[in-house]
There are 2 protein chains.
Amino acid sequence: MSNNANTIYYTLTDEAPSLATCSLLPIVRVFTGSAGIDVKISDISLAGRVLSAFNDRLKPEQQVVDGLAFLGELTQDPDANIVKLPNISASEPQLQECITELQGQGYDIPDFPENPQTEEELDISARYAKTLGSAVNPVLREGNSDRRAPAAVKAFARKFPHSMGEWSKASRTHADYMRGGDFFSSEQSVTMDSATDVRIEFVAPDGTVTLKKELALEAGEVLDAMFMSGDQLEEFFEASMEDAKQTGVMWSLHVKATMMKVSHPIVFGHAVKVFYKDLFAKHGELLKKLGVNVNNGLGSVYDKIADLPRSQREEIEEDIQACYAARPELAMVDSVKGISNLHVPSDVIVDASMPAMIRSSGQMWGPDGKLKDTKAVMPESTYAKIYQEVINFCKTNGAFDPTTIGTVPNVGLMAKKAEEYGSHDKTFELNTAGTMRVVDSDGSVLMQHSVNAGDIWRACQTKDVAIRDWVKLAVSRSRNSATPAVFWLDPERAHDRELSKKVTAYLQEHDTEGLDIRLLGYVEAIRLSMERMVRGLDTISVTGNVLRDYLTDLFPIIELGTSAKMLSIVPMLNGGGMYETGAGGSAPKHVQQILEENHLRWDSLGEFLALAVSLEDMGMKQGNASIQLLASTLDKATGKLLENNKSPSRKTGELDNRGSHFFLGMYWAQELAAQTEDAALAAKFAPFAEKLANNETQVLGELAEIQGVPAKIEGYYHAERDMVKEVMRASPTLNALLAEMAS
Amino acid sequence: MSNNANTIYYTLTDEAPSLATCSLLPIVRVFTGSAGIDVKISDISLAGRVLSAFNDRLKPEQQVVDGLAFLGELTQDPDANIVKLPNISASEPQLQECITELQGQGYDIPDFPENPQTEEELDISARYAKTLGSAVNPVLREGNSDRRAPAAVKAFARKFPHSMGEWSKASRTHADYMRGGDFFSSEQSVTMDSATDVRIEFVAPDGTVTLKKELALEAGEVLDAMFMSGDQLEEFFEASMEDAKQTGVMWSLHVKATMMKVSHPIVFGHAVKVFYKDLFAKHGELLKKLGVNVNNGLGSVYDKIADLPRSQREEIEEDIQACYAARPELAMVDSVKGISNLHVPSDVIVDASMPAMIRSSGQMWGPDGKLKDTKAVMPESTYAKIYQEVINFCKTNGAFDPTTIGTVPNVGLMAKKAEEYGSHDKTFELNTAGTMRVVDSDGSVLMQHSVNAGDIWRACQTKDVAIRDWVKLAVSRSRNSATPAVFWLDPERAHDRELSKKVTAYLQEHDTEGLDIRLLGYVEAIRLSMERMVRGLDTISVTGNVLRDYLTDLFPIIELGTSAKMLSIVPMLNGGGMYETGAGGSAPKHVQQILEENHLRWDSLGEFLALAVSLEDMGMKQGNASIQLLASTLDKATGKLLENNKSPSRKTGELDNRGSHFFLGMYWAQELAAQTEDAALAAKFAPFAEKLANNETQVLGELAEIQGVPAKIEGYYHAERDMVKEVMRASPTLNALLAEMAS
């Protein structure tokens, strides 16, 4: 597939990013073309996925390539270079809207079978199922993770810092977590000598063995087993609530029920049961009969009692209120609406909520709408400890100062569903006491735990090939950025001890001469990173999958005020690279604005950054200085754009996405003209830069005058491409200049 | 002086320890004699020092040896082995009492000249001056410091733990310190290539140079210069008081005005000025006229206004009260009497007050007699940071548990008045702005600072020979105790960077194979020590002089509940050793009790421990297994004594110092009888052990029946030795058994 070596695959997705692409790519191609790079579109939009699933029913001219399948295969190509924009993770209602739209456009695709019965319906249902939810990431994320703050973004934050709430040395805020009975305390871990099949079994007290799961493990694969005690979890919750009540701090729960979709809703449910224990003591039977599921939060209680007779409902509502009098104040998600932390399990997500609290002086919103000190409860101690270290650090040293602090990029172990994030199908809530064990194919017990009813047991896998690649990535990031790298490996965790052995061994495979690479426990690692950060020094965090997720919110939010501006690179196991843009979703509200007022506020910053690193990697791989120059000048252009505040405005009539692209193009051309490393490129782009500058007023005028009236693009999920083109390439002057350069 | 190789010099001091010595030594000599060791008395008591100063006026039979001068010389002997008991650091009134007593006993010594005029009076005054105050330590402390919790004491604390206040995770307590403008921020440091003379000079803005001090420096000596800004100190105090007021925590000041006798009273004075700023704004002139010195605390105000007319005095007293309304609550020394933290500079001594606060849940006593969270203010940041680290640690992990924690012994750089503790004659409070500088003999400026009026400037010296010995001591302690050693050297301190170079170089002079020796910054070092401590692991702290002092209170108070039970060893630079006992002073109250009721509550634990290590060192030096066996069996005996609670009771009629000695002797004999390493010693002490055990009731009876009536010893400072002997060796049975063994 060497024809991919000079190709960037740029994903066509949905909504705002897909519109922006129509404006941006013609500009980009002027530059990439100069180095012989082809930028190809690959359609992974929801509509594209739906259509390709039913190509067999479409007319030849209607048929489309299955872009996702194509890219999935491409991930195995060492030359793969994919720029991945945010796409819709379709819910069922969204899918149905999309189907209706496509049918209206004359595509013969079937209705969505709500309740499939026939063989045909089942086939249709199966095809549609593949387009639902997070269909894209598992296919494309064929590698570990390299996330960092781009230099231009960091420089911008230093110059125009976001707000950071001051910290009081007398703050009462703290993290609270279990001191035993959690996954951390019970973790066991084994590394497979050779490929083997194992069984996860439950052994009842009478000896009956129930098979819970079979796993095929690879040689060198690390398998962990651990459990959390339901009883100790509830005792911990009770004690922490009592303590918060007595010391006068708010109580807040921070879990990740969305990602840890099996274990964390259960943990959350225990918190609801304990906090509202008087309610459940009094009305437990009724609520059970009504089908209340505590794992869905107090919201579930309100839902289920909605249809009760008024007096009965009101009694329950009063008893809910009575609970608040006996309990500490709860941190609120929406204090106006009375939505607390325990209302819905997905409202408070630890990796975002903790950094937000840290930015807000360690405080959260109380029921009275005031910011207050908080007991931030994260039952599982493994990762919670790092937040206490951050809190202690802020109390000691005050808030972080975005204008001076260094950066903490991350190299994350993510490939092949590593660690806890791949544990969902191996997580079990136990109904009875007994023994959970992992048994090898030869019958020997690899790990086992005595468990009680209510305990949550889980196993996690980590593949050797992923670890090996992760070590390699860490070394190359440390080398390429001349930055110390710290492997966050806790010597008190069984899993991390296994990983440490591998890391130590695999580091020998690389030239680490002159590099500062260390293995430290989590608390030591975060402390070192913070101590260096406040001194303006950078430190790469090389972490497992969960910490990858947590830290790439924590540090970006501290450093940049948001994690959306991070570079997110997935260097594929086979050598290719994927460059993800933005964490802001595909922005449906942006589409409403352009449809109504022809103003697109989408900020393509993520695309600029991803493109630059995509070019940089390609240039390095090929040893091609021109391509590397394109990358570095694009980065400078992006920096200039930020510095001159040429990002899109939210306000119709002002600079929007299209105008912002004009500036990017102009700055990029100017940077190329100004550089002296490649005279040919300079000569080529100098006149272009001059023409763009000379026509700035003209182009911006053309892009401004079209705004304020509705834009017609005939479709939401599958707009008419020519109409989109007309809307998104609205400056004839710019189009002419681009055409001239491309010819 | 090789005749000293088998001699232990045991100091005869004052008050309780000197009485106890009379009972203990005859027992000890039975054991030491068996290994050919001579235990000699060396009189360094106040009376002894006075008499020896006037030997020329005494009759031949009255003349005494100058024990202190003798021991001073002995410190230079590689074979020196000194057991040093607490002695009186005489105040003038104490000296006068002593003189009167001696004159009454027929010694022709002169009266103390209150206002010496004649040549003779001046001579007398000069002789007496040498007996006043801390006359002993500077003569004897000819080495660095090795302090540790004896194994028996640590075991006792594990079994019978002292109370430790619980810590709330929501505690508001914290350490507060300057973030600039303090000694830490301005420290400069140079190492001398060769011996040289330097001048400390003040250069006025008009160029006038004032010589402040001349110093003769040795080759390799480290000289530091630093200053604290008076203005920034006051701004810091004001801000910290405002913050405490707003956040509702108490304000407390922790300095060491006793030891840092020049700089810290000034720092303390600024705090008084700022806290009572309204008082000084209104009455400043009057108070100045009255001679109030803020460096002596609010007490000075009360003293000086005592003689004012009543109405004027009451107005000032009311204005003092008004200050309390405008300021945060002050931590109290005595809330009943209304004595606050700012009353007298010597009441709150940081090295004792901070550990006490840490033991009391991070709280101090408020004006209302309640324990409360506190802002512990230690203006100088250098060492204050370690307390914040401890506080954070306790909030995160809860109170330390004496039953499980490890120990943190100390190897301290103390020899030759090292570092800040020798800075008093080189500390200057400046009256005008200008430049303070250190100038070499060739006129080159080694260090300089721009200073303002009110700034405190100081220089500190550290001699190379002391550092070299300190490194050697650290290595040998790490080797001998098989314990990791951490040099607390902060890379952000100029002085410590100089020391780090030396330490790194001098470590090469030793065999460190297999040892874990690290250099870490203070905060890292204390964190590591605590993390290890809570896991039951020991870590030697190898520190400078101030941290030596601070840590040998902090850790002992956490581990043992007191620092009085620590072993305190001074391995002399020339190879000898001094073994100091107890930190409890010479206990005048104990003497009152024996004079009135013939009960001595003095606990000779410190002497047992010091003797054991004195023997251990002697045994190691000589490669003499029998002496080492004496040491280890004495340690075991001491452990047994603690475990069986055979320490003296405070209550007359119960076991006292003498009975406790009996048990020590019996246990020691039993341990020797029970061991199998040295058959001869076992054979010798087995019958003795048996006899002591058989006579236990008899001996204890004899020692009990004498109690309850006054004891006659004819003298306080210079008691009649035979009468002391009669009192302190009151069991004929025991005396006979000892005589039998000695014969």
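The chains referred to below are lettered A, B, ... by the order of the sequence lines, with proteins before strands, and numbering in each begins at 1.
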Tell me, with the steps shown, if His174(A) and Asn392(B) meet side chain to side chain contact (heavy atoms under 4.5 Å, CB included). CA-CA 10 Å; His174(A) 58 273; Asn392(B) 283 339; over 6 Å; no
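Interface check for chain B: of the options Asp176(A), Leu528(A), Asp373(A), the most heavy-atom pairs under 4.5 Å are formed by Asp176(A). Counting heavy-atom pairs closer than 4.5 Å to chain B, the top-ranked of the candidates Glu492(A), Lys385(A), Glu531(A) is Glu492(A).
Contacts between Thr396(A) and chain B at a heavy-atom distance below 4.5 Å involve backbone atoms as well as side-chain atoms. Glu389(A) touches chain B through its side chain: at least one heavy atom from C-beta onward sits under 4.5 Å away, while N, CA, C and O do not.
Side-chain atoms of Arg172(A) and Lys395(B), non-hydrogen and from C-beta on, never get closer than 4.5 Å to each other. Side-chain contact check for Lys169(B) versus Thr173(A): every heavy-atom pair is 4.5 Å or farther apart.
Expressed to the nearest 0.5 Å, how far CD of Glu524(A) lies from CD of Glu524(B) amounts to 8.5 Å.
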